[in-house]
Q: 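I have a structure here, written as structure tokens, and I will follow up with some questions on it.
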Amino acid sequence: MTITEDLQKLLDILPQDLRNVLENHPKRDSLVEVVLDLGRRPEARFPNEAEYLSETPVTQAQIDDCIQRVGTFGGDNRAGIEQTLHRISAIRNRTGKIIGLTCRVGRAVFGTITMIRDLVETGQSILMLGRPGVGKTTALREIARVLADDLHKRVVIIDTSNEIAGDGDVAHPAIGRARRMQVAKPELQHQVMIEAVENHMPEVIVIDEIGTELEALAARTIAERGVQLVGTAHGNQIENLIKNPTLSDLVGGIQAVTLGDDEARRRGSQKTVLERKAPPTFEIAVEMLERQRWVVHESVADTVDTLLRGRQASPQTRTVDEQGKVAITRQLSVVNGRGGQLASDEESFPSARQVNGWRASGQMVALPPLSLERERPNGRSEFDRLLDESFNYSDSIDFSTPKLAGPNGEDLPLHIYPYGVSRHQLEQVINVLTLPVALTKDIDNADAILALRSHVKNHAKLRQMAKARHVPIHVIKSSTIPQITRGLRRLLNMDDPELGDDRELQLLLHNGSDDEMDALEEARLAVEQIVIPKGQPVELLPRSSQVRKMQHELVEHYRLKSDSFGEEPNRRLRIYPA
């Protein structure tokens, strides 16, 4: 990155003693702003700290001296220095007299939009969000230059406070060939936006700080005329815009809709729900969390729809290292069974494996679907542990067996992304059966996705991502050990032989108590000596809910059905013949 700042011109407006301190300061190049308040010590602020420049309080004469060296303060109480990007903001008392100054350093950083350059080149409208000081205006300035100089588009900047292109009538070189329209009063910004489209035939309009309903309406009018918009808005995340009635139109607007009985039942929601009113003004949104870490919503419409349904979106996270290399990861959501909400797994790992087989060719070989048996009455309780499972599982396993090709030509171990499936139980099955499978937290690094059927059915975003990455999704009915075992065997194209008694009990009873072992042995003997050979149902002894669940899983392994009946503490299992 190349940084242009003209810092000396800002220091020249400060009192002589403060100027001398800053000119020789070791952190001069990282200065953010200088604060002068009447009757207080002058303060210099840096990215992670602040320090006083003098022990002598600021006088009114010093403030007046600074004011004489800068331009005229506008209606937004901001002024600038000609041919620079610095901003001086004033604090006035009740009579209008200036009693405080914030002297903000303006820097033109060339190369700051490396993370989203591909999005800028698509021609879609982009909305930048983030807290103050994270670099929104700097990014906006660089986007305008790239669009004008590198992509040769007609770019017009609506510069309300002269912060993008600097103070004075001549625009700062940092905006390249882009043109700048100044705004006389902040409340007239929406009029200048429309004027720019009608008078100057732009292909791109760049706007900083969309903050009123009129400006949001003007932005929609511009977008509907086929002009690309690049702007910033008051908000830290898309959720802030959805909840802000003034700016919600930027993301399509929100309205209450009454559903019919059938549709409400199909969605599993109330009859009155919130839905997006119209297509969003901006197709892409970028949340600037930090200067080197941005979250990208490639489709604002999909993100808003997902959030309004009470789920969490799956955006991209883009970071850039010191060498300028951009890493793109994705936050894929998993379902929390307690509340039906989605929680994001923010940890992701860049792909480092050589992709072989159908991942390289873009072709998939379909495997036989899993049999979907009747859901157990208490099967959904398995979801309760989904977010409680530890994610400390290693992404790589050292197998002593020689590497073989998977069913679709992949290198073993087979990398699987679990979605809604208990990671603890997956790990247990893999270890006990010694399967050549490794779990991954990154969908881009996966050979296949193992997911619960109900979760895939209700999450279209997962299906879209899997299709785009040519990753097959294999579904299982529930997150139980028998279902997980069959799912992994099908993924590996392995036969499903009956496990021996010892292996079976070891698989289902990992570190189990004597009571649990006795209960499983009782269920096994009932199945093998009565239910299967004689075709008769059997009732087992009363057990606790946790033990009954283990018995259910054992019965399911034999392809039989079972139910719990009776009242606690005498509730027990009944096993039915096939």
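Just so it is clear, the values below take in all heavy atoms, side chains as well, and ignore hydrogens, waters and symmetry mates.
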Q: Just to verify, what does Arg117 make a side chain to side chain donor-acceptor pair (under 3.5 Å) with, not counting sequence neighbours?
A: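 If we apply the side chain to side chain donor-acceptor pair (under 3.5 Å) test to Arg117, skipping adjacent residues, the hits are Glu121, Asp150.
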Q: Could you check if a side-chain atom of Val230 sits within less than 4.5 angstrom of a side-chain atom of Leu147, using non-hydrogen atoms only?
A: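 They are in side-chain contact.
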Q: Can a donor-acceptor pair be found, under 3.5 Å and without considering hydrogens, that links the side chain of Lys136 to the backbone of Gly130?
A: yes
Q: For Glu213, does the CD atom have more than 12 heavy-atom neighbours from other residues, nucleotides or ligands under 6.0 Å away?
A: no
Q: Among residues two or more places apart or on two chains, list those pairs meeting side chain to side chain donor-acceptor pair (under 3.5 Å) that have a residue in residues 155-166.
A: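 Output for this query lists Arg78-Ser161, Arg78-Glu163, Arg87-Glu163, Asp159-Arg180, Thr160-Gln189, Asn162-Asp167, Asn162-Arg180, Asn162-Gln182.
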Q: If I compare all heavy atoms of Ala139 with all of Trp294, which pair ends up nearest, and what's the gap?
A: CB-CH2, 4.1 Å
Q: Taking the side chain as every heavy atom from C-beta outward, state whether Val183 and Ile158 have any pair of such atoms under 4.5 Å apart.
A: yes
Q: Test Arg469 against every option in Asp447, Asp444, Asp442 by the salt bridge (Lys or Arg N to Asp or Glu O under 4.0 Å) rule and name the one that passes.
A: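 Single salt bridge (Lys or Arg N to Asp or Glu O under 4.0 Å) partner of Arg469 among Asp447, Asp444, Asp442: Asp444.
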Q: For the side chain of Glu283 and the backbone of Ser125, is there at least one donor-acceptor N/O pair under 3.5 Å apart?
A: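 Yes: the side chain of Glu283 pairs with the backbone of Ser125.
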Q: Just wondering, do Leu85 and Arg107 contact through their side chains at under 4.5 Å, heavy atoms?
A: no
Q: Considering non-hydrogen atoms only, spot the tightest contact between Ala196 and Pro202 and give its length.
A: O-CD, 3.4 Å
Q: Using modelled atom types and a 3.5 Å cut-off, is there a donor and acceptor pairing between side-chain atoms of Arg154 and backbone atoms of Met201?
A: yes
Q: Using modelled atom types and a 3.5 Å cut-off, is there a donor and acceptor pairing between side-chain atoms of Gln316 and backbone atoms of Thr329?
A: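 No, because the side chain of Gln316 does not come within donor-acceptor range (under 3.5 Å) of the backbone of Thr329.
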Q: Check whether any side-chain heavy atom of Ile430 lies under 4.5 Å from a side-chain heavy atom of Leu439, and answer yes or no.
A: yes
Q: Check for a donor-acceptor pair, side chain of Asp305 on one end and backbone N or O of Asp302 on the other, with a separation under 3.5 Å.
A: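 Not at all, since once roles are kept as given, no pair shorter than 3.5 Å links the two residues.
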Q: Just by distance, do the side chain of Asp149 and the backbone of Arg177 share a donor-acceptor pair under 3.5 Å?
A: yes
Q: Residues in side chain to side chain donor-acceptor pair (under 3.5 Å) with Lys243, at least two apart?
A: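 For Lys243 there are no side chain to side chain donor-acceptor pair (under 3.5 Å) partners, ignoring immediate neighbours.
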Q: Answer yes or no: is there an ion pair linking Glu298 with Arg318, defined by an N-O contact shorter than 4.0 Å?
A: no
Q: Any donor and acceptor pair, going by atom type alone, linking the side chain of Arg571 with main-chain N or O of Ser564 inside 3.5 Å?
A: yes
Q: Has Arg45 got a side-chain atom pairing as donor or acceptor with Ala50's backbone, closer than 3.5 angstrom?
A: no
Q: Salt bridge check, Glu553 against Lys549: does any charged N sit closer than 4.0 Å to a carboxylate O?
A: no
Q: In chain order, what residues pass the salt bridge (Lys or Arg N to Asp or Glu O under 4.0 Å) check against Lys271, with sequence neighbours excluded?
A: Asp261
Q: My understanding is that only residues two or more places apart in sequence, or in another chain, count here; which of them pass side chain to side chain donor-acceptor pair (under 3.5 Å) with Thr138?
A: none
Q: Go through the structure and list residues passing side chain to side chain donor-acceptor pair (under 3.5 Å) with Gln191, not counting sequence neighbours.
A: none
Q: Donor-acceptor check, side chain of Thr221 to backbone of Leu217, threshold 3.5 angstrom: yes or no?
A: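 Yes.
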Q: Does Gln270 CD have over 12 foreign heavy atoms under 6.0 Å away?
A: no
